[in-house]
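Along the sequence shown, residues carry numbers from 1.
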Amino acid sequence: LWPWLLASSGLSALVQLVTLPFFPDSPSYLLIQKGNEEACRKAIRKLWGEGDHQAEIDDIMKEKGAMTSTKTLRVLEVIKERSLRWQLYILMTVMTTLQLCGINAIYFYSFEVFHTAKFEEYLIPYVSLGVGLCECLSSILCSTLIDRFGRKVLLWGGYTLMCSVLALLTMTLSLQHQFFWMHYFSVILIFLFVIFYGIGP
């Protein structure tokens with residue numbers, strides 16, 4: 001089943017490959033990059049139907065004007081630019097904590113935790129699939145929560161809950177040989193960690 005499951009991702013790529021030539025080019029690309037206003041109008045009519053789309057074309061022209069007046073910076077210039085330094089620090093911190101938050105360790109050791117929890121051998125891949133499904137669903141949930149609470153609240157809340165779950169998971173894994181129910185608690189914590197990861201970082 002797993003080879004078929006992995007191969008199924010190729011089906012969506014094949015559908016995109018076949019259907020992509022029939023899609024119109026982006027109106028902003030045609031107007032800004034190519035400078036072809038007639039092709040831009042044609043693409044807009046194909047996407048949004050007949051009608052007066054001058055307001056959309058004016059917006060694209062404003063975007064083109066803003067892009068021409070903005071200076072493109074190289075990597076070293078971005079690092080040296082004082083006005084961008086705090087944004088750069090924040091970006092580096094977020095990306096570093098994202099890599100070191102423990103999600104890779106959770107995925108790596110989850111199979112062993114499920115095995116220790118006395119799950120049947122044939123069920124463990126499906127439980128692992130459930131973990132991945134939890135991350136997918138929590139990411140979808142995040143897209144609705146981010147408008148209501150903001151990125152900062154979700155980041156702080158996600159990392160705080162993830163730290164708490166990792167502390168509890170360390171404790172349950174240490175005590176799993178003393179209490180039989182600790183294995184199942186560890187499995188629940190793994191699912192919670194993945195959900196908080198999807199919602200937060």
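- One distance of note links OG1 of Thr96 with CG of Leu91; it measures 9.0 Å at 0.5 Å rounding.
- Using a 4.5 Å heavy-atom cutoff, the side chains of Leu169 and Ile106 are in contact.
- Both Trp181 and Ile188 are part of a single hydrophobic cluster, where members link through side-chain heavy atoms under 4.5 Å apart.
- The two residues Phe22 and Lys46 make their nearest non-hydrogen contact at O-NZ, 3.7 Å.
- Tyr109 and Ile190 are assigned to two separate hydrophobic clusters, defined by single-linkage of ILVMFWY side chains at heavy-atom distances under 4.5 Å.
- In this structure, Ser164 contributes its side chain and Thr160 its backbone to a donor-acceptor pair below 3.5 Å.
- In terms of heavy-atom proximity, Pro125 sits nearest to Glu121 at CD-O, 3.4 Å.
- Between Arg41 and Glu37 there is a salt bridge, with a side-chain nitrogen of the basic residue lying less than 4.0 Å from a carboxylate oxygen of the acidic one.
- Phe149 and Leu141 fall within a single hydrophobic cluster, where Ile, Leu, Val, Met, Phe, Trp and Tyr are joined by side-chain heavy atoms under 4.5 Å apart, directly or via other members.
- To the nearest 0.5 Å, the span separating CG on Leu161 from CG on Leu192 amounts to 9.0 Å.
- A donor-acceptor contact shorter than 3.5 Å links the side chain of Arg151 to the backbone of Gly200.
- Hydrophobic cluster membership is shared by Val113 and Phe111, with clusters built from Ile, Leu, Val, Met, Phe, Trp and Tyr side chains linked at under 4.5 angstrom.
- With a 4.5 Å cut-off on side-chain heavy atoms, Lys152 and Leu155 do not count as touching.
- Annotation for Val94 and Thr97: closest pair O-OG1, 2.9 Å, computed over non-hydrogen atoms.
- Residues Gly198 and Cys142 come closest through the heavy atom pair O-CB, 3.6 Å.
- A distance of 9.5 Å separates OH of Tyr107 from CZ of Phe193, quoted to the nearest 0.5 Å.
- Placement of Leu173 and Met182 within a single hydrophobic cluster is found when ILVMFWY residues are connected by side-chain heavy-atom separations under 4.5 Å, directly or transitively.
- In this structure, Arg74 and Glu77 approach most closely via the heavy-atom pair N-OE1, 2.8 Å.
- A distance of 10.5 Å separates CD1 of Ile124 from CD of Glu112, quoted to the nearest 0.5 Å.
- Annotation: side chain of Tyr197 is not in contact with side chain of Ser138 (no heavy-atom distance under 4.5 Å).
- Rounding to the nearest 0.5 angstrom, the gap separating the OH atom in Tyr126 from the CD atom in Glu120 is 13.5 Å.
- Side-chain contact between Pro27 and Glu56 is absent, with no heavy-atom pair separated by less than 4.5 Å.
- With rounding to the nearest 0.5 Å, the separation of CZ in Phe196 from CG in Leu189 is 9.5 Å.
- Between Phe191 and Phe114, the ring planes lie tilted relative to each other; the angle falls in the 30° to 60° range.
- When all heavy atoms of Ser12 and Ser9 are compared, the pair lying nearest together is OG-O, 2.9 Å.
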